[in-house]
Asks: 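Mind having a look at this structure? Questions to follow.
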Amino acid sequence: MNSVGEGCTDLKREYDQCFNRWFADKFLKGDRSGDPCTEMFKKYQSCVQKAIKEKDIPIDGVEFMRPNKEKPGS
Amino acid sequence: MVKYFTCSGFLKGTWDQVFLAFWQRYPNPYSNHVLTEDIVFREVTPDSCLVSRRLLTKTSRAPRWAEKFLPAHRACKAYIVEDSIVDPQSRTMVTLTWNISHAYLMSVEERCVYGVNPDNSNWTEIKREAWISSNLYGLSKAVQEFGLARFKTSVTKTIKGFEYVLARMQGETPTKTLAEAATEKAREKALAAKEKAKDLASQAQKQQYM
């Protein structure tokens with residue numbers, strides 16, 4: 001699947017592969033020994049976060065699991 | 001006024017298969033409307049839950065009668081946030097999904113809870129709830145009706161896509177009628193062509209940057 005940042009797709013796929021392996025082989029089995037994908041995630045994030053800013057995607061300040069039901073002033 | 005919808009169902013996979021398939025859902029033959037997918041936040045909490053935020057871009061066609069209310073250039077794309085918590089100890093996953101664009105027109109919020117089916121531990125049950133609201137003066141009721149109808153269609157697609165990815169991971173083809181199989185085949189072909197086109201487009205874009 002493509003990233004929202006056109007130049008980030010390769011970084012994303014690399015990270016996804018790493019994550020899926022870790023998630024299946026370690027995380028779901030209760031193995032908490034370090035996450036091998038941290039570096040890939042950082043690289044991917046620096047790319048995708050830039051794209052989000054450039055595209056003005058209104059995700060900044062959106063709280064986790066807290067959709068803004070009423071926008072202030074509306 | 002908010003429209004509320006709830007339904008439950010199950011997937012024929014164990015909880016760990018389903019949770020793994022959740023991250024590998026896209027693309028699938030039923031997800032043509034999903035254009036991009038990104039993880040924009042991810043963390044393992046001190047109590048060993050995986051907390052993630054996924055950002056999706058989807059095509060979003062407004063009903064024709066509503067098109068005149070929409071800014072033309074933004075009418076066909078919507079940004080969706082999907083927050084999730086995976087708890088491997090309790091074998092549950094909670095997701096909350098909502099649109100962060102066009103929210104002044106219509107807001108769709110969906111909450112899903114995945115857990116082991118109490119009657120058959122090889123299956124995973126999903127409890128789904130949705131809230132659909134609109135602040136459009138004078139039109140909110142019509143928009144909500146439209147939103148609810150569309151939400152129901154999209155749930156069917158979501159489940160089919162999920163079943164498809166799950167069956168693929170389990171190394172079998174899902175049981176389906178011949179007609180369904182033919183439709184799926186056509187969708188797969190279209191998907192492959194679309195992914196290829198996207199790849200080519202992004203290659204071209206990259207070359208432009210170089």
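Chain identifiers are assigned alphabetically (A, B, ...) following the order of the sequence lines, protein sequences preceding nucleic acid strands; residue numbering begins at 1 within each chain.
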Asks: Hey, which of A:Ile57, A:Val48, A:Leu28 has the most heavy atom pairs under 4.5 Å with chain B?
Replies: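 Heavy-atom pair counts peak at A:Ile57.
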Asks: Donor-acceptor check, side chain of B:Ser140 to backbone of B:Tyr137, threshold 3.5 angstrom: yes or no?
Replies: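 Here the side-chain-to-backbone pair does not exist.
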Asks: Show the nearest heavy-atom pair for residues B:Thr57 and B:Lys77, with the distance to one decimal.
Replies: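 Closest pair (atom of B:Thr57, atom of B:Lys77, distance): CG2-CD, 3.7 Å.
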Asks: For A:Trp22 and A:Phe27, I'd like to know if the aromatic rings sit close, meaning centre-to-centre distance below 6.0 Å.
Replies: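 Yes, ring centres under 6.0 Å apart.
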Asks: Name the orientation class of the two ring planes belonging to A:Phe41 and A:Tyr15 (parallel below 30°, tilted from 30 to 60°, perpendicular beyond 60°).
Replies: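 A:Phe41 vs A:Tyr15 ring planes: tilted.
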Asks: Please verify the inter-ring angle class for B:Tyr30 with B:Tyr164; under 30° counts as parallel, over 60° as perpendicular, anything in between as tilted.
Replies: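 Rings of B:Tyr30 and B:Tyr164: perpendicular, over 60°.
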Asks: Taking side chain as everything from C-beta outward and backbone as N, CA, C, O, which of these in A:Arg21 sits under 4.5 Å from a heavy atom of chain B? Side chain, backbone, both or neither.
Replies: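 For A:Arg21, neither part sits under 4.5 Å from chain B.
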Asks: Side-chain atoms of residues 147-154 of chain B: list all donor-acceptor pairs with protein atoms under 3.5 Å, sequence neighbours left out, distances to 0.1 Å.
Replies:
from     : atom 1 : to       : atom 2 : distance (Å)
B:Arg150 : NH1    : B:Arg61  : O      : 2.7
B:Thr153 : OG1    : B:Ala149 : O      : 2.9
B:Ser154 : OG     : B:Phe151 : O      : 3.1

Asks: For B:Gln24, enumerate each residue passing the side-chain hydrogen bond (donor to acceptor under 3.5 Å, both in side chains) test, keeping only those at least two apart in sequence or located in another chain.
Replies: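 Checked B:Gln24 against side-chain hydrogen bond (donor to acceptor under 3.5 Å, both in side chains); zero matches.
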Asks: Determine the option with the most heavy-atom pairs under 4.5 angstrom with chain A, choosing from B:Asp16, B:Val81, B:Leu50.
Replies: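 Looking at each of B:Asp16, B:Val81, B:Leu50 in turn, B:Leu50 comes out on top.
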Asks: Checking an interface table here. Which of residues 36-45 of chain B come within a heavy-atom distance under 4.5 Å of chain A?
Replies: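 The stretch touches chain A at B:Thr36, B:Glu37, B:Asp38, B:Ile39, B:Val40, B:Phe41, B:Arg42, B:Val44.
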Asks: Test of understanding: with salt bridge (Lys or Arg N to Asp or Glu O under 4.0 Å), list the residues that count as partners of B:Asp83, not counting sequence neighbours.
Replies: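 In terms of salt bridge (Lys or Arg N to Asp or Glu O under 4.0 Å), with neighbours along the sequence ignored, B:Asp83 is linked to B:Arg53.
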Asks: Taking side chain as everything from C-beta outward and backbone as N, CA, C, O, which of these in B:Trp15 sits under 4.5 Å from a heavy atom of chain A? Side chain, backbone, both or neither.
Replies: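 Contact with chain A is through the side chain of B:Trp15 alone.
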